[in-house]
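Per chain, numbering begins at 1; letters A, B, ... match sequence-line order.
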Amino acid sequence: MSPSDQRLAAAIEQWFPLNARDLPWRNPRTPWRALVSELMLQQTQVSRVLERFEPFMDRFATPCSLASADEQDVLAMWQGLGYYRRARSLHRAAREIVDRFDGEVPIDAVSLCSLPGVGRYTAGSIASIVGGAREAIVDGNVMRLLARVHCDGASPTDRVFIKRVWSWAQNLVDICEQPPLLNEGMMELGATVCTPTLPSCDKCPLAALCQSRLQGRVSEIPPPKRSAARQELHHYAVVIKRRGKVLLEQRAATGLWAGMWQAPAIESQTILSESEVIKRLPFPLQSLRIQKVMQRTLTHRNVTLHIYSGSLKRGARVPATMGVKWVPVGGLADVPISNAGHAVLAADNS
DNA sequence: CAGGCGTGGCT
DNA sequence: TAGCCAAGCCT
């Protein structure tokens, strides 16, 4: 612990109460609201979560309420937020909270970390901010903030660097006055002042202590992560409507858009001919008309959506398997469908 | 353990 | 515009 750690912690703890945004999960702050908001916020902008948090809490007010819900209803409440495994993890976490913790969200880091979807950051965040424990937290904000304060230009993916940041964060929370103020203050500073581009150093309470500022290197730290190359994915979807209903299939339980529903589709890394698409579809189709082609960029995939409208051959029956169903066009909001899936359904004019 | 996992905003 | 980024976790 360096002497400046004391001053760093004090500066953050003084700054935060005067500059905290009025975010819904801070008032009232309960372990359950903290857990739900933390899951929603993983790799997701605050502005996206703002619109979705209270409706989710209204629907699932307690762990018991979520635990007794159907997973499909949970996914439907999550649709459009992305990273859908989080919704399934939260659902399973609620069931474990009922089974193992008598329906009360634990606030110790070890118990929290044992829940699905809860890792070191999320557990530390709830344990420290809700429970007041001296647990460190390191998210993207804290990593950037501390890298700049210490003028450490290592790659953010470097594991040794990441361990170093956790060590800095633990030192700070060990010596601070109030862990909730320190930890939430660090995140808030990173989110609103020590931003990735154009940080507001003139408003930063750490400016006098910030080594990268003193050395004029703020803009170089942290260095950009090089993004992974995106693979091409061709998604051939057929929108089949009949008597005000549309035919949907459920995606596989793992992988992209796991468990979500969509217009029946064939996926391939390469371009397919129309006849190949027809051949691979599990339904006998009478006609197939191209409606639209759209691009979607995902984290690691470049998806081309080839959207067709189609009709089944006369008398054709859709196999009555689980994972295929007719859904009224007006009831699509109740079925978990990704934004790409909604775009496909909306592009069809038939 | 490096890569998979969504979406939209920003530059 | 093409790429980077966001309150990470899981396998």
Side-chain angles (χ1 to χ4, degrees), chain A residues 20-21 23-26 29 33-53 75 78-90 92-93 112-126 128-130 136-145 155-160 162 165-166 169 183-192 194-199 219 222-231 233 235 251-260 262 295-303 305 336-343:
Chain A
R21 287 174 291 178
L23 301 174
W25 41 91
R26 289 179 174 155
R29 195 195 297 284
R33 289 169 65 84
L35 180 62
V36 173
S37 62
E38 288 292 351
L39 266 288
M40 270 194 191
L41 284 161
Q42 288 172 6
Q43 296 292 285
T44 304
Q45 308 259 15
V46 168
S47 59
R48 311 272 327 131
V49 174
L50 283 179
E51 317 156 344
R52 307 298 298 273
F53 178 68
L75 275 174
W78 204 273
Q79 66 176 291
L81 272 172
Y83 284 166
Y84 298 100
R85 187 176 56 189
R86 296 179 296 171
R88 294 144 66 96
S89 295
L90 182 57
R92 285 193 293 136
L112 284 162
C113 223
S114 75
L115 298 171
V118 178
R120 187 174 177 187
Y121 158 75
T122 302
S125 179
I126 298 170
S128 66
I129 295 172
V130 182
I137 60 169
V138 174
D139 69 339
N141 289 315
V142 174
M143 197 168 309
R144 180 175 60 255
L145 179 80
S155 163
T157 59
D158 181 336
R159 301 185 97 71
V160 178
I162 293 171
V165 177
W166 275 97
N183 280 348
E184 202 160 25
M186 282 197 297
M187 287 197 296
E188 191 76 352
L189 257 182
T192 64
C194 194
T195 48
T197 59
L198 296 179
S219 64
K225 318 170 188 173
R226 65 171 190 284
S227 60
R230 282 191 253 289
Q231 278 199 330
L233 180 68
H235 177 101
R251 294 184 62 91
T254 59
L256 186 63
W257 298 311
M260 308 292 280
Q262 65 185 14
Q295 296 283 339
R296 311 287 288 196
T297 305
L298 310 185
T299 304
H300 58 291
R301 220 155 273 186
N302 214 343
V303 184
L305 302 171
I337 298 169
S338 72
N339 278 8
H342 279 295

Check: Is the distance from OP1 or OP2 of C/dC10 to the nearest side-chain N or O of A/Tyr83 less than 4.0 Å?
Finding: no
Next item on the list: Determine whether the side chains of A/Arg86 and A/Thr44 contain a donor N or O and an acceptor N or O closer than 3.5 Å.
Entry: yes
Next item on the list: Name the nucleic acid region contacted by A/Leu23, choosing base, sugar-phosphate or nothing; use a 4.0 angstrom heavy-atom cut-off, strictly under.
Entry: base
Margin query: From CG of A/Leu35 over to P of C/dC9, roughly how many Å is that when rounded to an integer?
Written below: 11 Å
Next item on the list: Taking only the side-chain nitrogens and oxygens of A/Arg159, find out if one of them lies under 4.0 Å from OP1 or OP2 of B/dA2.
Entry: yes
Notebook entry, point to check: Which heavy atom of A/Leu75 sits nearest a heavy atom of A/Ala258, and at what distance?
Noted result: CD1-O, 4.5 Å
Notebook entry, point to check: At under 4.0 Å, does any side-chain N or O of A/Arg296 touch on OP1 or OP2 of B/dG8?
Noted result: yes
Check: Taking only side-chain nitrogens and oxygens of A/Arg144, does any of them come within less than 4.0 Å of OP1 or OP2 of C/dA6?
Finding: yes
Margin query: Using the rule side chain to side chain contact (heavy atoms under 4.5 Å, CB included), only one of A/Met186, A/Met143, A/Arg120 pairs with A/Val138; which is it?
Written below: A/Met143
Check: Does A/His300 put a side-chain nitrogen or oxygen below 4.0 Å from OP1 or OP2 of B/dG3?
Finding: no
Checklist line | Gap between atom CG of A/Leu50 and atom CD of A/Gln45 - 0.5 Å precision | finding: 11.0 Å
Checklist line | Sugar-phosphate only, base, or nothing, as touched by A/Gly255 at under 4.0 Å among non-hydrogen atoms | finding: sugar-phosphate
Check: What integer distance in Å separates A/Arg48:CZ from C/dA6:C1'?
Finding: 12 Å
Notebook entry, point to check: Between A/Asp158 (CG) and B/dA2 (P), how many Å, whole number?
Noted result: 11 Å
Notebook entry, point to check: Which is true for A/Ser125 with a 4.0 Å heavy-atom rule: it touches a base, it touches only sugar-phosphate, or it touches nothing?
Noted result: nothing
Next item on the list: Provide the distance between the two C1' atoms, one in B/dC1 and one in C/dA6, to the nearest whole Å.
Entry: 23 Å
Check: Rounding to a whole Å, what distance do you find between A/Leu298:CG and C/dG3:P?
Finding: 15 Å
Margin query: Tell me whether the side-chain N/O atoms of A/Arg86 come closer than 4.0 Å to OP1 or OP2 in C/dG8.
Written below: no
Notebook entry, point to check: Between the base of B/dG6 and the side chain of A/Ser338, is there a donor-acceptor distance below 3.5 Å?
Noted result: no
Next item on the list: Kindly say if A/Asn141 contacts the phosphate of C/dA7, meaning a side-chain N or O under 4.0 Å from OP1 or OP2.
Entry: yes
Notebook entry, point to check: Counting any heavy atom closer than 4.0 Å, what does A/Ser89 reach on the DNA or RNA strands: base, sugar-phosphate only, or nothing?
Noted result: nothing
Check: Reckon A/Trp25 touches a base, only the sugar-phosphate, or nothing at all at heavy-atom distances under 4.0 Å?
Finding: base
Next item on the list: Compare side-chain N and O positions of A/Trp257 against OP1 and OP2 of B/dT7 and report whether any pair is under 4.0 Å apart.
Entry: yes
Item checked: Rounded distance in Å - CD (A/Gln43) to P (C/dA6) -> 8 Å
Next item on the list: For A/Leu115 and for A/Glu38, locate the closest nucleotide of DNA chain C by heavy-atom distance; then report the residue assigned to the nucleotide nearer the 5' terminus.
Entry: A/Glu38
Notebook entry, point to check: Looking only at atom P, what distance separates B/dG6 and C/dA2, rounded to whole Å?
Noted result: 24 Å
Margin query: Using a heavy-atom cut-off of 4.0 Å across all strands, would you classify A/Arg230 as base, sugar-phosphate, or nothing?
Written below: nothing
Checklist line | Pairwise P distance for B/dG9 and B/dC5, with rounding to whole Å | finding: 23 Å
Next item on the list: Round to the nearest Å and state the distance from A/Gln45 atom CD to B/dC10 atom P.
Entry: 8 Å
Item checked: B/dT11 versus C/dA7 - spacing of their P atoms, nearest Å -> 15 Å
Margin query: By the 4.0 Å heavy-atom rule, please label A/Leu81 as base, sugar-phosphate, or nothing.
Written below: base
Next item on the list: For A/Trp166 and C/dG8, give me the distance from atom CH2 to atom C1', rounded to whole Å.
Entry: 10 Å
Margin query: Does C/dC5 have its OP1 or OP2 closer than 4.0 Å to a side-chain nitrogen or oxygen of A/Thr197?
Written below: no
Item checked: Closest contact, heavy atoms only, A/Gly80 versus A/Arg48 -> O-NH2, 4.2 Å
Item checked: Gap between atoms CG and C1', on A/Leu50 and C/dA7 respectively (whole Å) -> 12 Å
